[in-house]
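Numbers here simply count residues along the sequence, with the first being 1.
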Amino acid sequence: MVRIGIIGGSGIYNPDTFETIRKTYPDTEYGKPSDEILIGKIAGTEVAFIPRHGKDHRYPPSSVPYRANVKALKDLGVEMIISPCAVGSLKEEYRPGDLVIVDQFIDFTKKRDYTFFGDRTVHVSIADPFCSDLSKIFSNAAKEMNIRYHRSGTYVCIEGPRFSTKAESNMFRNFADIIGMTMVPECQLAREAGMCYCSLATVTDYDVWKDEPVDIRMVMKTMKECLSKITKLLETGLPHIPKERGCDCARASEDAGA
């Protein structure tokens, strides 16, 4: 049984730091996950890793099999999901290259599969959608590494795959700190499954509100430059995750009568 899952970009898998033990590509009632799940160790800690968009980046944000990904990890015994991701900044102080440990989200997506409970109504509490225990562990790791980070941030999730218009970007600035395309429904599915969830967001650009054009080359360039920082953050934080959970994440779906 693997207790920790990582859903992120394929660059997180680094053969120099990821000791692969085995691979699995299971079926779930929601289909196959994005790609093979790599089970191995990072800094001596066993993890199960899924490349969110597939190794060849074939799944755009709206088509990622979010339910299959989360269910496949749940079936492996995963209790906690750590989610490295790339985001745009909506605030001057959230600079490209900064790490944001997200603590809230706003959903502006439109056409995704948002729940495991399609056959009945289950109201899961998600007022605080991220695991405070995991967030604390990785904020301490960022502090230890002496990197620029933000202990909190509100993430607005848009449908994608296009970037925002200037009007949209300026509107979102009134409500959120960062913007991305994959937080929802991944985060809320984890909560429905009684799993902890922690988002490690890397700022890659200032979206379009600063009148600077944003394109995928800019995003990939900054993310590539920051990749070693994210892998080091995982190496530093993972060994501090306790063997027993002390948070309330596991009880959320139980309290909803799921």
Min side-chain heavy-atom separation Ser83-Arg52 under 4.5 Å: yes
Same cluster for Ile81 and Val102 if Ile/Leu/Val/Met/Phe/Trp/Tyr side chains link at under 4.5 Å? yes
Check the pair Glu92 / Tyr206 against side chain to side chain contact (heavy atoms under 4.5 Å, CB included), numbers first and verdict last. CA-CA 8 Å; Glu92 189 78 49; Tyr206 275 117; 3.8 Å; yes
For a 4.5 angstrom cut-off between non-hydrogen side-chain atoms, does Ser34 reach His53? no
Regarding Thr28 and Arg67, is there a side-chain donor-to-acceptor distance under 3.5 Å anywhere? no
SG of Cys196 to CD1 of Ile241, rounded to nearest 0.5 Å, is 9.0 Å
Heavy-atom side-chain contact between Tyr25 and Lys32 under 4.5 Å: yes
Are Lys111 and Glu159 ion-paired here, with the side-chain N under 4.0 Å from a carboxylate O? no
Would you please classify the geometry between the Phe116 ring and the Tyr30 ring as parallel, tilted or perpendicular, with 30° and 60° separating the classes? tilted
Quick one: OG on Ser199 to CD1 on Ile101, what's the gap to the nearest 0.5 Å? 9.5 Å
Going from CZ on Arg3 to CE on Met80, what distance comes out if it is rounded to the nearest 0.5 angstrom? 3.5 Å
Could you tell me which non-hydrogen atom of Ile37 sits nearest to which non-hydrogen atom of Ala72, and how far apart they are? CD1-CB, 3.8 Å
Do you know the tightest heavy-atom contact between Ala201 and Ile178? CB-CD1, 4.1 Å
Closest non-hydrogen contact found for Pro33 with Pro26 is CD-O, 3.1 Å
Working to the nearest 0.5 angstrom, can you tell me the gap between Ile126 CD1 and Gln104 CD? 9.0 Å
Test the Lys143-Tyr149 pair against the cation-pi criterion, namely NZ or CZ under 6.0 angstrom from the six-membered ring centroid and within 45° of the ring axis. no
Do the side chain of Glu168 and the main chain of Thr165 share a donor and acceptor less than 3.5 angstrom apart? yes
With the 4.5 Å side-chain cut-off for hydrophobic clustering, are Ile7 and Val47 part of the same group? no
Within this structure, what is the CG-SG distance for the pair Leu134 and Cys247, rounded to the nearest 0.5 Å? 7.0 Å
So if I apply the salt bridge (Lys or Arg N to Asp or Glu O under 4.0 Å) rule between Lys91 and each of Asp177, Asp98, Asp207, which one comes out positive? Asp177
A side-chain contact here means heavy atoms from C-beta on lying under 4.5 Å apart; do Phe175 and Val156 qualify? no
Has the side chain of Thr154 got a donor or acceptor atom that lies under 3.5 Å from a matching backbone atom of Phe105? no
Counting C-beta onward and ignoring hydrogens, is there a side-chain heavy-atom pair between Thr109 and Tyr114 closer than 4.5 Å? yes
Rounded to the nearest 0.5 Å, how far does CD1 of Ile6 lie from CG of Leu234? 5.0 Å
Can you confirm whether Leu90 sits close enough to Ser169 that some side-chain heavy atom of one is under 4.5 Å from a side-chain heavy atom of the other? yes
Any side-chain heavy-atom pair of Ser135 and Arg151 under 4.5 Å: yes
Establish whether Phe117 and Leu73 are linked, either directly or via other cluster members, by ILVMFWY side-chain heavy-atom contacts under 4.5 Å. no
Evaluate the side-chain proximity of Pro96 to Ser89: yes if any heavy-atom separation is below 4.5 Å, no if none is. no
Report, as yes or no, whether the 6.0 Å neighbourhood of atom CG on Asp56 holds more than 12 heavy atoms from other residues, nucleotides or ligands. yes
Using only atom types and a distance under 3.5 Å, with no angle test, would you say the side chain of Tyr155 pairs donor to acceptor with the backbone of Met181? yes
Okay, side chain of Arg191, backbone of Pro129: is any donor-acceptor separation there less than 3.5 Å? yes
For Met145 and Lys229, which heavy atoms make the closest approach, and how far apart are they? CE-O, 3.6 Å
With side chain to side chain contact (heavy atoms under 4.5 Å, CB included) as the test, would you mind laying out the steps for Tyr197 and Cys187 before giving the verdict? CA-CA 6 Å; Tyr197 190 95; Cys187 177; 3.9 Å; yes
Between Val124 and Phe130, is there a shared hydrophobic cluster once you connect ILVMFWY residues whose side-chain heavy atoms come closer than 4.5 Å? no
Membership question, hydrophobic clusters at under 4.5 Å side-chain separation (ILVMFWY): are Leu76 and Ile82 in the same one? no
